[in-house]
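Model, not experiment: these values are computed from the prediction. Along the sequence shown, residues carry numbers from 1.
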Amino acid sequence: MTTIARGARLCLALAGALLSAAVLAAGSSTLPADAKAGDLIFREGTEAVSDAVMTVDGGGFSHVGMLLGEPGRWQVVHATPSEVPGRPDGVVIDSLEFFTDPKLSRRHVVYHVGKAAPGQREQAVAAAKAGLGKPFRLADPAGTYCTTLVWQAWRDAGLDLEVEFTPLAIPLMQGEYLLPGRLAASRHLHALDDTPPPADTGAAPALAVAAPQP
């Protein structure tokens, strides 16, 4: 093999390695080893509305979803304004890589739901998935939003997370709301290892998985 051929192969191998690193950095695909389906994954968002939520809340998170699946195949069910062009606001299932992409998330932390009785995790997951397609609404009983989706799912499974709703009296938001910080403060939740955010390589977010599951 000529020196030129060896150099070309080396360049191709290096380019492949860099591309693989960029894809992995687009979002996290791993979680703490003790994470389980039904646990809650909180994130600190990157948009102005995320900062507004955290300002009102006084906490460090602006959004939350529920884990589905298992290690290597994690997904997140959550109620959200559309993050994918053409997808309506509402309850969706996304890949973990999409949910944690640095364009959407500065950091994320998994909170373990403790003292769940046998079968309650499966019930909570089923209840959250039953909301797929429900519209994202803050002040409409016909809809739901991120914190109430996961809180109600666990409540339907028989575990009350004993959360405190916050009264708000600001334009378009009159009433009591469950804010992420108040949910994270539930005595039934405890944070697993704080997962550092992936490096922002400028890569596009990983593909979302929006199709309903059986």
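Residues D57 and P180 form a side-chain contact, since some pair of their non-hydrogen atoms from C-beta on lies under 4.5 Å apart. Under the 4.5 Å side-chain criterion, counting only non-hydrogen atoms from C-beta, V125 is not in contact with V77. Residues F136 and T144 have side chains not in contact (no heavy-atom distance under 4.5 Å, counting atoms from C-beta outward). Looking at heavy atoms from C-beta onward, H112 lies in side-chain contact with L192 at the 4.5 angstrom threshold. Side-chain atoms of T166 and R182, non-hydrogen and from C-beta on, do get closer than 4.5 Å to each other. At least one side-chain heavy atom of I41 sits less than 4.5 Å from a side-chain heavy atom of L96. Annotation: side chain of F98 is in contact with side chain of L104 (closest heavy-atom distance under 4.5 Å).
Judged by distance alone, with hydrogens and angles left aside, the side-chain atoms of D94 form no donor-acceptor pair with the main-chain N or O of F99 at under 3.5 Å. A distance-only check finds a donor-acceptor pair linking the side chain of Y145 to the backbone of L178 [under 3.5 Å]. Side-chain atoms of D39 never come within 3.5 Å of backbone atoms of L67 as a donor-acceptor pair (strictly under, hydrogens ignored). The closest donor-acceptor contact from the side chain of Q120 to the backbone of A117 lies under 3.5 Å.
Ring centroids of Y177 and F165 are separated by 6.0 Å or more, keeping the two rings apart. F42 and H63 have their aromatic ring centers separated by at least 6.0 angstrom.
Under the 4.5 Å side-chain heavy-atom criterion for grouping Ile, Leu, Val, Met, Phe, Trp and Tyr, L132 is connected to L40 within one hydrophobic cluster. The hydrophobic cluster containing V53 does not contain V109, counting ILVMFWY residues as joined when their side-chain heavy atoms lie under 4.5 angstrom apart, directly or transitively. When the side chains of ILVMFWY residues are joined at heavy-atom separations under 4.5 Å, either directly or via intervening members, L189 and L68 end up in a single hydrophobic cluster.
A distance of 9.5 Å separates CD of E83 from CG of D89, quoted to the nearest 0.5 Å. With rounding to the nearest 0.5 Å, the separation of CD in E164 from CG in L183 is 12.0 Å. In this structure, CG on L179 lies 12.5 Å from CE on M54, to the nearest 0.5 angstrom. The OG atom of S186 sits 10.5 Å away from the OH atom of Y111 when rounded to the nearest 0.5 Å.
The nearest pair of heavy atoms linking C146 to A79 is CB-O, 3.5 Å. Between R121 and A116, the closest heavy-atom pair is CG-CB, 4.4 Å. Nearest approach of V91 to A128, heavy atoms of both residues: CG1-O, 4.3 Å. The minimum heavy-atom distance between A35 and V110, with the atom names listed, is CB-CG1, 4.2 Å.
In this structure H188 satisfies the ring pair (Phe, Tyr, Trp, His ring centres under 6.0 Å) test with no other residue, sequence neighbours excluded.
Residues in residues 142-159 take part in no salt bridge (Lys or Arg N to Asp or Glu O under 4.0 Å) pair, two or more places apart or across chains.
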Hey, mind stepping through V76 and V92 against side chain to side chain contact (heavy atoms under 4.5 Å, CB included) and telling me if it holds? CA-CA 8 Å; V76 181; V92 297; over 6 Å; no
Any chance you could lay out the side chain to side chain contact (heavy atoms under 4.5 Å, CB included) test for W154 and M66, step after step, and finish with the verdict? CA-CA 10 Å; W154 271 103; M66 179 183 287; 3.6 Å; yes
Side chain to side chain contact (heavy atoms under 4.5 Å, CB included) between H78 and V64: does it pass, once the steps are laid out? CA-CA 7 Å; H78 59 133; V64 63; over 6 Å; no
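Judged by the 6.0 Å distance and 45° axis criteria, R43 is not positioned over the aromatic ring of F61.
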Exercise answer: donor-acceptor pairs, residues 45-52 side-chain atoms, under 3.5 Å, sequence neighbours excluded:
from : atom 1 : to   : atom 2 : distance (Å)
T46  : OG1    : K103 : O      : 2.7
D51  : OD1    : R106 : NH1    : 3.4

